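Presented below is the structure to which this report refers.
Whatever order the structure lists them in is the order used to number ligands and atoms, beginning at 1. All values below were derived from every heavy atom in this structure, side-chain atoms included, with hydrogens, water molecules and symmetry-related copies excluded. Computed from a predicted structure; not experimentally measured.
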Amino acid sequence: MVRKNRATLLAANCLLVLAFSTHADETTEFCLDGAFDLGARYQGLRPKAGEFYPTSWCVITEGDTGRVMFSGSGKSNPDMDGDWTVAYLPPDLVRIVNRTSPDVEFHGAEIDDEIARIRRMDPRQLAAEIESGDGNIEGLEVTRTGDRIARVSASADMPLRGQVDVDWLWDWAEPDTPSLKIVVDDEEFFRGTGRWRMLDSIEAAAIWERTAGEAPVEVDGDRWPSVINMRLIELEDGVYLVRGVRTGFQHLVVDTSKGLVAGDAPAGWVEFHHLPPADLVPGLGNDGLSRRFIEFLGETFPGRRIHAVALTHAHDDHSGGATAFADSGALVFAPAELTGFFDDAFDIQTIPVKEDTIIGSGDNRVRLMPMGPGPHADSMLGVWAVDKGWFFVSDVHVPNSDTAVPRANRAITECWFAAWAVANLPEDVRVVNSHSAPQTPVSRLADYLASEACSK
Ligand SMILES: [Zn+2]
């Protein structure tokens, strides 16, 4: 990555801010309240459009400093309510505002482009930016009616879909509460209504304060927004986790008699509230993350070929890199209900897993296990290093700690998985997952089932 000169950036940023703030000292909040189609983004229960969930996106813009705060609430998955707030404080500080736990601060991050992309969510800010410049914004085609934004066209590189058109269509029949449709790849992704609010000076000053209490967790700025930092963790002879495939992603690799078997083909993640939409792992395209994962395996296990990858479910961040594995010569296994969808999406032939399927022979076999429909997705696979006692799942078990009760905000899914695991796995098997570090013995999942959260 090319490092720009900070002083130049800072100066350019200040000019930009002064130039397109209509009132330089005002702090304005713009919110979009509506519904987002997780199905169209391939994060729903089934990989098809039409699964809308309530969603709000808000951006607070401060005129004279260029500070911006984004808050989102809604679902990132069918079973995961979420709300998150990120403050961007030029020149180079990003703060994840946690409110009930210490904030996380990234110092020295390159945030100018991201600030601009988020601010454009507010159509008045976008109009002002166009007024103040030469009318061109890279990656955007903007149509105006008078001084109002009517349409913004861009494109995005989506796992499982490739390059798609993205259109923001504004309707100003109610000028103070304009309505918006975001259409992606000819499907409605988001529909909602905008509203503005001015913050008074006391509220405006307070929002940029750190969460009171414990000091923030400090992180180096080049880890924002996501970083690839792969390293091998040996769980047992021949059974590994590759940690840091990207921030918050780790994947099982088992060295079987047939070759390496991996759990999941990870892909990037497009942020659709950005204009233009941006990938969280920039510059890697659709299956670039899985290509890097495959390269890492090649360097780490010289001479061992990748025999297969098992796609645990249809969500794009777990399966979007399948073509990289297919191109490397690996077999691609998937839940039987999803092979038609994957074969169309990727133009490859996936192997349906209808029932428990063994890969390899000898003392380090893998058993792929269909888990049936659950609250996270209608079809799931688990990957069991059956001779060594390790089991890998994605997204249905993501504990924060080693406690004997499930996470409160994901109890339905955690209890569902605990019941499945207790019914299907020996109690000394340890469960690892794609997003968190704890290793959970099945006996602890039995404790989950006895907890109040799982008896409801
Ligand atoms: Zn998922």
Check: Is there a donor in the side chain of Thr323 and an acceptor in the side chain of Asp287, or the other way round, less than 3.5 Å apart?
Finding: yes
Notebook entry, point to check: Salt bridge between Glu337 and Lys354, side-chain N to carboxylate O under 4.0 Å?
Noted result: no
Check: Around the Zn ion (ligand 1), what protein N, O or S atoms are found below 2.8 Å?
Finding: His313 NE2, His315 ND1, His376 NE2, Asp395 OD2
Notebook entry, point to check: Has Arg191 got its NZ or CZ under 6.0 Å from the middle of the six-membered ring of Phe52, at an angle within 45 degrees of the ring axis?
Noted result: yes
Checklist line | Donor-acceptor contact present, side-chain Asp37 to main-chain Ala40, <3.5 Å | finding: yes
Next item on the list: Please determine if Arg95 forms a cation-pi arrangement with Trp208, meaning its NZ or CZ atom is less than 6.0 Å from the six-membered ring centre and no more than 45° off the ring axis.
Entry: no
Check: Of Phe249, Trp269, Phe342, which meets ring pair (Phe, Tyr, Trp, His ring centres under 6.0 Å) against His318?
Finding: Phe249
